Asker: 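Provided herewith is a single structure, encoded as structure tokens, for subsequent inquiry.
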Amino acid sequence: MENFKEIENKWRKFWEEHPGLYQADNNSKKNKKYILVEFPYPSGSGLHVGHAFSFTGGDVYARFKRMQGENVLFPMGWDAFGLPTENYAIKMKRKPQDVTKENTDMFRKQMKDLAFSFDWSREVNTTDPHYYKWTQWIFIQLFNKGLAYKKEMPINWCPSCKIGLANEEVVDGKCERCGSEVSRRNISQWVVKITEYADKLIEGLEETNFIEKVKQAQINWIGKSEGAKIKFKVKSSSSSRDVARYVSTDYLEVFTTRPDTLFGATFMVIAPEHQLVSQLLETHHDASLQKNIETYIKQSKKKSDLERTELSKDKTGVFSGLYAINPVNNKEIPIWISDFVLASYGTGAIMSVPAHDERDEEFAKKFGLEMIKVYDEKSNKVINSDFLNGLNKEEAIKKVIKWLSEKGIGERTASYHLRDWIFSRQHYWGEPIPMINCPKCGWVPVAESDLPIVLPEVEVYEPTDDGKSPLSKIESFVKTKCPKCGGKAERETDTMPNWAGSDWYFLRYIDPDNDTVLASQELMKYWCPVDVYVGGDEHNVLHLLYSRFIYKFLWDLGVVPKEQPEPYYKRLSHGVILGPDNQRMSKSKGNVIVPEVVADKYGVDVVRMYMMFMGPFDSTMAWNENTLMGVKRFLDRFEQFIKLQINQVGSETAKNREVKVILNKTIKNITDMNEQFKYNTAIAQMMEALNKLTDLRLSMVDEDIKTLIKLLAPFAPYTAEELYFMVETHDRAYLHEYASVHIAEWPKADSQYLIEDKIIVAIAINGKVRDQLEINFAKQNDKDEIVERAKGQEKIKKWINGKVIVKEIYIEGKMINFVIKD
RNA sequence: GCCGCUGUGGUGAAAUUGGUAUACACGCAAGACUUAAAAUCUUGUGCUCUCAAAAAGCGUGUGGGUUCGACCCCCGCCAGCGGCACCA
């Protein structure tokens, strides 16, 4: 449309004046459909193509479902806490609150321009005290259930951001945000026991309809391994009489997935952080050993995570001077210290079976340690293992665990890669953790009636060099009374991580203004679960897992409806749009496409429709302006066609059935494809229909013209609205009498028009198509006649003359295959 | 190393899930309109052979298999993408 800006303004205003169009109804008898797109972080640079693409995908579906008569909840909000805003505020010496307000205003406007049909009456903002009151409330519940605890622990410290990072935020030993190398630092942190929910998070996936990729990613991340814990007695030297003289620990416990190889365990390895090591360092038993150990520990502490993994090929280690006793054969085996064993996994100690484990083998070779084979390579049966000999792996595991349990020195157990979730951030722009430290009572949660604990305004937002949150400098905030004993106490000054606010936002949309509960049970019962959750692959693990964890925790509390154990039914990943150069868009490459700019040039509908036409919704695609021009051409031709039709009304011709057949096929296909988010082919159907209808040169009745416009409406809301208005009113009615196309009823395919009178049957010889045959639809099940006619075809005669027809296969209405032989 | 995914024209991609491979679009070529260009319209467009057409052959990364028939199912290989990774 040449005057697209005028039209966009007109209808934007109209929609603004009719907010009810897109509002979800809490008291509807219609089917509900909760369609969620990941809410954005409102950065200063505005809505980017990725947002526009993902939201358009959700919007098309929401519009489609609304027209199908469903009660659609399609909300939007802001995940607005976070470092970029804080950093920007520091740099510009402004309040993060003000910056956030500006950014969200900008985002909202851009979204409205792009015609996203969000229900703005339900907008949420994670930085709003009315919102984060409940984020804090959830934390208190975690604390009360023993799932949040304070712990002095080595954390990943980013020296540039001056912030502690969760394991998930460290990529290749570097800070996910700024790329600086991460070091380790001991800080007292709030930690949330997500590991308690590891099994539930795996099992719960069965309740969902996530794509396999997402399920697998989550399962991998949790990383459950089944095996056994085994206790080994510790001795200080091979000559000493029994227990260790230099350590207070009697037993060394290990986790192994292969207890069946216990007879092959020839040494033990413990992590440098293992408590046995600190015990050793405190006592001074053997001067030279002592020194070796100290040197080794020092070296490994200096290594960052990056080095520890990069240098993984080369094993290092030091002998501890201690021995363990293998419980199955009472053999004394040496205990080594090495940083290839991780303190944070299992028990921080392993039994080494160098004959059957690559890493153990490497270590044994380097330090000249013994290797014993316990499996016969040919038969895969246990050898050299006394009572396990001759068994296969499964039998041996079962038997040895039974043996160990009876002796009380071992048991079946599972171990997980998933770690507890470090929940403290030493920054300003986050939710204050609602805890108070009392010298008498310890950590006490803020009284729920005192929530929210509002972020106080501070002069300086910079994190302090000692790593403490800027809040720690505000005396009026820090000094408080213990809610339990009333004595003097201090507030926690750390804030929560970004994930905290986004864990449960989808629940708040359901009941955004509720001040007594986070959302009413009744409304949650109606709206939960989210039917479709559209988001990026980068959130398939962390956000989705945290969010599922918090939901499951709330479920255990009885806060969310019992009927719904999982928050999201279906998860869809949207694809990634690359720059025209096939590279990831970035300012430095100068290949950034700004949706606003393109929309300004060609119109919003062109941009929306092009993005949906580029390729499958979940794939990676490069921006291509030529293809975009193709879409523009289509929309122009569509408009011309409709206008022509409007002017021709009244001159209907008799061959109308052809129009109906095209239209109804298109209805059926587009409906099916929209349902599956196959927008690229849905749009292709639309194009095909327009091509065919244009060729027919027939005039159509109003009803059919409207059908065509309705099919377009989810993709091109402005164009559709303008054209629908023209057909509906022939420009005579006033705008206020007009009801939007976006709440018009979605067309249903009429099966009588899905049938074509004549169908083409392919004729194949030995599976290769050689000819075609046109038959009447009604006669398609008359195999004999069709086969006879096929044999009569000139081309076919050439192939079958002088040959023996071995078989005649007829697939009704599709093809005939003659199998011939010489 | 483990897990998941992908491989189809010059390009982005379709294929009703075992039944006419390449829909739709881009690009390209020729033509129309124009003084000219852009825009628009028409026609053609998998490859080989042919001035052209017909006919034929080849053709969904690759080698096999199952089947009347395979982009689709099975086995092996190659290439690429994504996630996890010294996890015992």
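Scope of the values below: all heavy atoms of this structure, side chains included, with no hydrogens, waters or symmetry mates. The structure displayed is predicted, hence computed values, not measured ones.
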Asker: Give the nucleotide from the list B:A21, B:C24, B:C58 with an atom nearest to the side chain of A:K768.
Answerer: B:C58

Asker: In whole Å, what is the span from the CZ atom of A:R419 to the C1' atom of B:C84?
Answerer: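 Checked: the CZ to C1' distance equals 12 Å.
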
Asker: Using Watson-Crick or G-U wobble geometry with both distances below 3.5 Å, tell me the partner of B:A13, or none.
Answerer: none

Asker: What integer distance in Å separates A:L644:CG from B:C41:P?
Answerer: 14 Å

Asker: B:A13, B:U20, B:A25: which one has an atom nearest the side-chain heavy atoms of A:S619?
Answerer: B:A13

Asker: Given B:A88, B:C86, B:G19, identify the nucleotide with an atom nearest to the side chain of A:K315.
Answerer: B:C86

Asker: Please work out if A:N626 contacts a base, only the sugar-phosphate, or nothing of the nucleic acid, heavy-atom cut-off 4.0 Å.
Answerer: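 Here A:N626 touches the backbone only, sparing every base.
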
Asker: Can you check the distance between B:U42 and B:C47, where both ends of the measurement are the C1' atom (answer in whole Å)?
Answerer: 26 Å

Asker: Supply the atom-to-atom distance A:I759 CD1 to A:E812 CD, rounded to the nearest 0.5 angstrom.
Answerer: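 Result: 8.0 Å between the selected atoms.
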
Asker: With rounding to whole Å, what would you report as the distance between B:A30 and B:A38 at their P atoms?
Answerer: 13 Å

Asker: For A:H274 and B:A88, what is the distance between atoms NE2 and C1' respectively, to the nearest whole Å?
Answerer: 13 Å

Asker: In whole angstroms, how far is the P atom of B:A25 from the CE atom of A:M609?
Answerer: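 Roughly 11 Å, once rounded to whole Å.
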
Asker: Out of A:V214, A:T208, A:L201, which residue meets the side-chain contact (heavy atoms from CB on, under 4.5 Å) rule with A:L544?
Answerer: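 Running side-chain contact (heavy atoms from CB on, under 4.5 Å) over A:V214, A:T208, A:L201 with A:L544 returns exactly one hit, A:V214.
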
Asker: So which nucleotide from B:A14, B:A25, B:U16 ends up closest to the side chain of A:P616?
Answerer: B:A14

Asker: Under 4.0 Å, counting only non-hydrogen atoms across every strand here, what does A:Q772 touch: a base, just sugar-phosphate, or nothing?
Answerer: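 Since a base atom lies under 4.0 Å of A:Q772, the category is base.
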
Asker: Grab the CE-P distance between A:M629 and B:A38 for me, whole Å please.
Answerer: 13 Å

Asker: Hey, are A:K692 and A:E688 close enough for a salt bridge, meaning a charged N less than 4.0 Å from a carboxylate O?
Answerer: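 Yes.
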
Asker: Taking N and O atoms by type only, does the side chain of A:N220 place a donor or acceptor under 3.5 Å from a partner on the base of B:C84?
Answerer: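 When only heavy-atom distances are counted, A:N220 does not reach the base of B:C84 through any donor-acceptor pair under 3.5 Å.
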
Asker: Mind checking the C1' distance from B:G82 to B:G76? Whole angstroms is fine.
Answerer: 24 Å

Asker: With a distance cut-off below 6.0 Å to the six-membered ring centre and an angular limit of 45° from the axis, does A:K315 pair with A:F363 as a cation-pi contact?
Answerer: no

Asker: Students often get this wrong, so: under 4.0 angstrom with heavy atoms, is A:D672 touching a base, only sugar-phosphate, or nothing?
Answerer: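 The answer is nothing, as A:D672 stays clear of every strand by at least 4.0 Å.
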
Asker: Can you check the distance between B:C3 and B:G57, where both ends of the measurement are the C1' atom (answer in whole Å)?
Answerer: 43 Å

Asker: Hey, which sits more toward the 5' end of RNA chain B by its nearest nucleotide, A:K213 or A:F255?
Answerer: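 First, find each residue's nearest nucleotide; the 5'-ward one identifies A:K213.
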
Asker: Any non-hydrogen side-chain atom of A:F267 less than 4.5 Å from a side-chain atom of A:E370?
Answerer: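 They are not in side-chain contact.
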
Asker: Would you call the rings of A:F549 and A:W421 parallel, tilted or perpendicular if under 30° counts as parallel and over 60° as perpendicular?
Answerer: perpendicular

Asker: Does B:C49 have a Watson-Crick or wobble partner in any strand here, with both distances under 3.5 angstrom, and which is it?
Answerer: none

Asker: For B:U16 versus B:C73, give the span between their P atoms, rounded off to a whole number of Å.
Answerer: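 Their P atoms lie roughly 12 Å apart.
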
Asker: For a quick check of understanding: with a heavy-atom distance under 4.0 Å over all strands, which category does A:M815 fall into, base, sugar-phosphate or nothing?
Answerer: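 Base: the residue A:M815, judged by heavy atoms under 4.0 Å, touches a nucleobase.
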
Asker: For a quick check of understanding: with a heavy-atom distance under 4.0 Å over all strands, which category does A:K692 fall into, base, sugar-phosphate or nothing?
Answerer: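 No contact.
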
Asker: Do A:D537 and A:K213 meet the salt-bridge criterion of a basic N to acidic O distance under 4.0 Å?
Answerer: yes

Asker: Look at all strands and tell whether A:N669 reaches a base, only sugar-phosphate, or nothing, counting heavy atoms closer than 4.0 Å.
Answerer: nothing

Asker: Looking across every strand, which nucleic acid part, if any, lies under 4.0 Å from A:G615 by heavy atom: base, sugar-phosphate, or nothing?
Answerer: nothing

Asker: Taking only the side-chain nitrogens and oxygens of A:S225, find out if one of them lies under 4.0 Å from OP1 or OP2 of B:A88.
Answerer: yes

Asker: Between A:K814 and B:G19, does any side-chain N or O lie under 4.0 Å from OP1 or OP2?
Answerer: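 Checking A:K814 against B:G19: no side-chain N or O falls below 4.0 Å of OP1 or OP2.
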
Asker: With a cut-off of under 6.0 Å to the ring centre and 45° to the axis, is A:K231 in cation-pi contact with A:Y251?
Answerer: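 Satisfied, under 6.0 Å and within 45°.
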
Asker: Consider the side chain of A:W221, meaning its heavy atoms from C-beta on, and name the nucleotide among B:C84, B:A23, B:A56 that approaches it most closely.
Answerer: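 For the A:W221 side chain, the nearest candidate turns out to be B:C84.
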
Asker: Now, which nucleotide makes the Watson-Crick or G-U wobble pair with B:U66, with each of the two distances under 3.5 Å?
Answerer: none

Asker: Base, sugar-phosphate, or nothing: which does A:I760 touch, judged by heavy atoms less than 4.0 Å apart?
Answerer: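 Base contact.
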
Asker: Using the P atom as the reference point in each nucleotide, state the distance between B:U62 and B:U11 in Å, no decimals.
Answerer: 15 Å

Asker: Taking only N and O in the side chain of A:R770, is any of them less than 4.0 Å away from OP1 or OP2 of B:G57?
Answerer: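 For B:G57, OP1/OP2 do have a side-chain N/O of A:R770 under 4.0 Å.
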
Asker: When the P atoms of B:U20 and B:C72 are considered, how many whole Å apart are they?
Answerer: 14 Å

Asker: Where the side chain of A:F613 is defined as all heavy atoms beyond and including C-beta, which of B:A56, B:A25, B:C3 is the nearest nucleotide?
Answerer: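 Nucleotide nearest to A:F613's side chain: B:A25.
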
Asker: Please determine, for B:U22, whether a Watson-Crick or G-U wobble partner exists with both distances under 3.5 Å, and give it or none.
Answerer: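 Check on B:U22: unpaired, no WC or wobble geometry under 3.5 Å.
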
Asker: Of the nucleotides B:A88, B:A25, B:A55, which one has an atom closest to the side chain of A:K795?
Answerer: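 For the A:K795 side chain, the nearest candidate turns out to be B:A55.
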
Asker: Scan every strand shown for a Watson-Crick or G-U wobble partner of B:U42, both distances under 3.5 Å, and answer none if you come up empty.
Answerer: B:A30

Asker: Of all the choices, B:U17, B:C68, B:G4, which nucleotide is nearest to the side chain of A:K678 once you look at every atom?
Answerer: B:U17

Asker: Taking 4.0 Å as the cut-off, does a side-chain nitrogen or oxygen of A:R633 come that near to OP1 or OP2 on B:A25?
Answerer: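 So the side-chain polar atoms of A:R633 never come under 4.0 Å of the phosphate oxygens OP1 or OP2 of B:A25.
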
Asker: For RNA chain B, whose closest nucleotide is more 5', that of A:E212 or that of A:G630?
Answerer: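 The residue whose closest nucleotide sits nearer the 5' end is A:E212.
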
Asker: Can you tell me how far P of B:C84 sits from NZ of A:K215, to the nearest Å?
Answerer: 20 Å

Asker: Under a 3.5 Å cut-off for both distances, is B:G80 Watson-Crick or wobble paired, and to whom?
Answerer: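 Pair assignment: B:G80 / B:C5.
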
Asker: Give the nucleotide from the list B:A88, B:A25, B:G19 with an atom nearest to the side chain of A:M687.
Answerer: B:A25

Asker: Strictly below 4.0 Å: does A:N624 bring a side-chain N or O up to OP1 or OP2 of B:G27?
Answerer: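 False: A:N624 side-chain N/O out of range (4.0 Å or more) of B:G27 OP1/OP2.
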
Asker: Rounded to the nearest Å, what distance is computed from the CG atom of residue A:N766 to the P atom of nucleotide B:G19?
Answerer: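 Nearest whole value for this atom pair: 19 Å.
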
Asker: Would you confirm whether A:Y568, through its side chain, and A:R548, through its main-chain N or O, come within 3.5 Å as a donor-acceptor pair?
Answerer: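 Side chain of A:Y568 to backbone of A:R548: no pair is present.
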
Asker: What contact category does A:W623 fall into here, base, sugar-phosphate, or nothing, at under 4.0 angstrom with non-hydrogen atoms?
Answerer: nothing

Asker: Taking the minimum atom-to-atom distance to the side chain of A:A762, which one of B:U20, B:C68, B:G19 wins?
Answerer: B:U20

Asker: Tell me whether B:G9 sits syn or anti, counting syn as a glycosidic angle within 90° of 0.
Answerer: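 Glycosidic conformation of B:G9: syn.
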
Asker: What class does the angle between the rings of A:Y533 and A:H543 fall in, given that below 30° is parallel, 30 to 60° is tilted and above 60° is perpendicular?
Answerer: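 Answer is perpendicular, since the angle exceeds 60°.
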
Asker: Between atom CD1 in A:I577 and atom P in B:G12, what is the gap in whole Å?
Answerer: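 Distance check: A:I577 CD1 to B:G12 P gives 16 Å.
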
Asker: Could you check if the base of B:U60 is syn or anti? Syn means the glycosidic torsion is within 90 degrees of 0.
Answerer: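 It is anti.
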
